[in-house]
Amino acid sequence: MFALADVNSFYASCETVFRPDLTGKPVIVLSNNDGCVIARSAEAKKLGFKTGNPFFEIKDVVRKHRVNVFSSNYALYADMSNRVMTTLEEMAPSVEIYSIDEAFMNLTGVSNCMSLEQFGRDIRERVRQRTKLTVGVGIAPTKTLAKLANHAAKKWTQTGGVVDLSSPARQRKLMALVPVEEVWGVGRRISKKLNALGISTALQLADSHPPFIRKHFSVVLERTVRELSGESCIAMEEFAPTKQEIISSRSFGYRATDYQSVREAICAYAERASEKLRGERQYCKKISVFIKTSPFDLDEPYYGNQATGGLTIPSNDTRDIVRVAKECLDRIFLPGMRYQKAGVMLGDFYSAGVAQLALFDEYKPRANSEALMRVLDGINHSGKGKIWFAGQGIQQAWQMKRALLSPAYTTRYADLPIVKAK
DNA sequence: TCTGGGGTCCTAGGACCC
DNA sequence: TCTGGGGTCCTAGGACCC
């Protein structure tokens with residue numbers, strides 16, 4: 001048996017936890033670069049804001065209803081997420097952290113001690129006590145059904161935020177009410193195709209013939225069908241599998257037109273990606289760079305391109321990765337374009353620095369690499385300041401916009417909230 | 001003026017091998 | 001006139017997730 005616990009309006013709720021004056025008021029949180037809406041409080045949902053709404057398009061409505069707007073504050077959300085996950089881990093034999101605001105819990109054995117619904121309520125209570133955040137809990141024999149139960153727990157308030165879907169009769173009753181596009185694993189494209197085949201509810205999908213689905217779609221959707229009909233195909237993943245790739249990319253705060261700015265950005269992203277790679281204790285051989293103009297600027301030609309370069313032996317030394325990234329950029333940079341976004345991707349990972357050299361390779365590994373990188377990361381994680389390579393530049397005019405950022409309440413001393421007694 | 005970032009998995013098709 | 005069959009590996013692109 002699985003439970004899926006998921007924090008309601010996570011980012012928006014994190015903001016209101018430290019601003020009690022905002023309770024009951026509409027709050028929205030914007031994506032990086034203050035681009036579009038990515039989280040909404042219940043009140044903001046009622047006003048009709050949708051995830052993905054470009055901010056500049058809704059500014060008038062925001063002003064009219066005095067909506068409280070925040071830039072995303074990932075330092076705060078990540079820390080709050082940790083507190084929630086720690087609490088969940090205390091309550092179940094195993095927990096899989098699925099995203100920043102949701103986790104699957106293994107409920108094996110729980111029903112011997114107490115009703116599953118009561119267990120769901122206990123989870124809510126404890127998380128609320130620790131973090132002032134509210135979670136919805138869905139319980140079912142497969143992950144896909146647990147997702148569905150969680151969806152129902154949030155949609156219908158009379159459930160009290162907990163739905164136990166262990167009984168097949170209840171599963172079918174709920175699935176008959178749920179449109180197929182709300183099933184986990186069914187996106188816009190597939191739901192359109194399913195609708196054309198006359199499958200419009202989750203129940204109809206659950207009752208389809210798995211080989212038929214496999215033939216017309218894929219093994220992935222076949223698994224979804226089986227999971228909906230109660231056959232568990234997707235197991236708990238307690239330990240995060242090692243990453244296949246690492247991406248560091250950002251939209252620019254302004255359109256970048258000059259080579260210098262784009263190169264600074266690429267250097268910065270390459271450094272960040274290398275840092276992540278070392279955090280994973282991995283070494284990479286493949287480095288790709290992409291740059292693109294805005295797909296929304298219809299009156300200018302679109303340009304997007306990507307180049308890939310390799311290292312002879314795997315490395316996680318920032319100097320190696322920055323060098324290759326710059327070479328890649330030079331192969332695809334076109335002057336005269338107004339660039340909107342760029343990024344660096346790392347792939348082809350190895351768990352040790354030295355791989356087999358080819359017979360005639362004359363490459364000599366850097367002698368001081370490990371030590372230097374350790375010092376670099378050590379300083380940057382110490383909280384005392386940052387050091388970086390000169391290639392990033394100092395002014396960094398291309399940096400993303402975060403005009404409405406809230407304080408780092410839980411991760412920076414200077415930003416600690418102060419409580420005054422009356 | 002202004003439209004996020006970071007991932008995974010699967011499939012089809014091409015290159016190449018014997 | 002007639003031009004195999006079976007397999008692996010890699011890559012690009014599509015679909016999905018939060």
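What you see is a predicted model, and the numbers here were worked out from it, not measured in a lab. Residue numbering restarts at 1 for every chain, and letters A, B, ... go by the order of the sequence lines.
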Report task. May I ask you to say what A:I246 touches in the nucleic acid, namely base, sugar-phosphate or nothing, with a heavy-atom cut-off under 4.0 Å? Result -> sugar-phosphate
Report summary line: Whole-Å distance, A:R250 CZ to B:dG6 C1', equals 10 Å
Report task. Take the protein atom NZ of A:K193 and the nucleotide atom P of C:dA15, then report the distance between them rounded to whole Å. Result -> 9 Å
Requested in this report: Have a look at A:F55 and say if it touches a base, only the backbone sugar-phosphate, or nothing, with a 4.0 Å heavy-atom cut-off.
Outcome: nothing
Query raised in the report: How would you label the contact of A:N33 with the nucleic acid (heavy atoms, under 4.0 Å): base, sugar-phosphate, or nothing?
Result: nothing
Query raised in the report: Just checking A:K147: base, sugar-phosphate only, or nothing, at a heavy-atom cut-off of under 4.0 Å?
Result: sugar-phosphate
Requested in this report: Please check if the side chain of A:R331 supplies one atom and the backbone of A:T308 the other of a donor-acceptor pair under 3.5 Å.
Outcome: yes
**Report entry** No-hydrogen, no-angle side-chain donor-acceptor test under 3.5 Å, A:E264 and A:W398
**Finding:** yes
Query raised in the report: Which part of the nucleic acid, if any, lies within reach of A:R214 when heavy atoms closer than 4.0 Å are counted: base, sugar-phosphate only, or nothing?
Result: nothing
Query raised in the report: Can you check whether A:S249 has a side-chain N or O nearer than 4.0 Å to OP1 or OP2 of B:dG4?
Result: no
**Report entry** Charged tip of A:K292 within 45° of A:Y303 ring normal and under 6.0 Å
**Finding:** no
Requested in this report: Please state whether the phosphate of C:dC17, meaning OP1 or OP2, lies under 4.0 angstrom from any side-chain nitrogen or oxygen of A:S99.
Outcome: no
Query - Nucleotide B:dC10, atom C1' - distance to CD of A:E222 in whole Å - result: 13 Å
**Report entry** Touch class at under 4.0 angstrom, heavy-atom based, for A:V183 against every strand present
**Finding:** sugar-phosphate
**Report entry** Nucleotide C:dC18, atom P - distance to CD1 of A:I247 in whole Å
**Finding:** 18 Å
Report task. Tell me what A:D101 touches on the nucleic acid: a base, only sugar-phosphate, or nothing, going by heavy atoms under 4.0 Å. Result -> sugar-phosphate
Report task. Kindly say whether the aromatic ring centers of A:F70 and A:Y11 come within a distance under 6.0 Å. Result -> no
Query raised in the report: B:dG5 P sits how many Å from A:Y74 OH, rounded?
Result: 9 Å
Query raised in the report: Given B:dG4, B:dC2, C:dC16, which nucleotide is nearest the side-chain atoms of A:R255?
Result: B:dC2
Report task. Give one of base, sugar-phosphate or nothing for A:E102, where a contact means two heavy atoms less than 4.0 Å apart. Result -> sugar-phosphate
Query raised in the report: Rounding to a whole Å, what distance do you find between A:L404:CG and B:dG4:P?
Result: 16 Å
Requested in this report: Determine which nucleotide pairs with C:dG14, using a 3.5 Å limit on both distances of a Watson-Crick or G-U wobble pair.
Outcome: B:dC9
Query raised in the report: For the side chain of A:K193 and the backbone of A:H216, is there at least one donor-acceptor N/O pair under 3.5 Å apart?
Result: yes
Query raised in the report: Touch check for A:I190, heavy atoms < 4.0 angstrom, all strands: base, sugar-phosphate only, or nothing?
Result: sugar-phosphate
**Report entry** Nucleotide C:dC17, atom C1' - distance to CZ of A:F104 in whole Å
**Finding:** 11 Å
Requested in this report: Looking at every strand, decide which applies to A:Y98 at a 4.0 Å heavy-atom threshold: base, sugar-phosphate, or nothing.
Outcome: sugar-phosphate
**Report entry** Chi angles and distances behind the side chain to side chain contact (heavy atoms under 4.5 Å, CB included) call for A:V178, A:T201
**Finding:** CA-CA 6 Å; A:V178 175; A:T201 68; over 6 Å; no
Query raised in the report: For A:S248, which contact category applies under a 4.0 Å heavy-atom criterion: base, sugar-phosphate, or nothing?
Result: sugar-phosphate
Requested in this report: Figure out the CD1/C1' separation between A:I100 and B:dG7, and round it to whole Å.
Outcome: 14 Å
Query raised in the report: Quick one: on DNA chain B, does A:Q340 or A:T242 contact a more 5' nucleotide (nearest heavy atom)?
Result: A:Q340
Query raised in the report: When the C1' atoms of B:dG4 and C:dC17 are considered, how many whole Å apart are they?
Result: 15 Å
Report summary line: By nearest-heavy-atom nucleotide on DNA chain B, the more 5' of A:E57 and A:Q244 is A:E57
Query raised in the report: Which is it for A:F18 and A:M80 under the side chain to side chain contact (heavy atoms under 4.5 Å, CB included) test, yes or no, and what are the steps along the way?
Result: CA-CA 11 Å; A:F18 293 92; A:M80 292 302 282; 4.0 Å; yes
Query - Contact under 4.0 Å: A:R338 side-chain N or O vs B:dC2 OP1/OP2 - result: yes
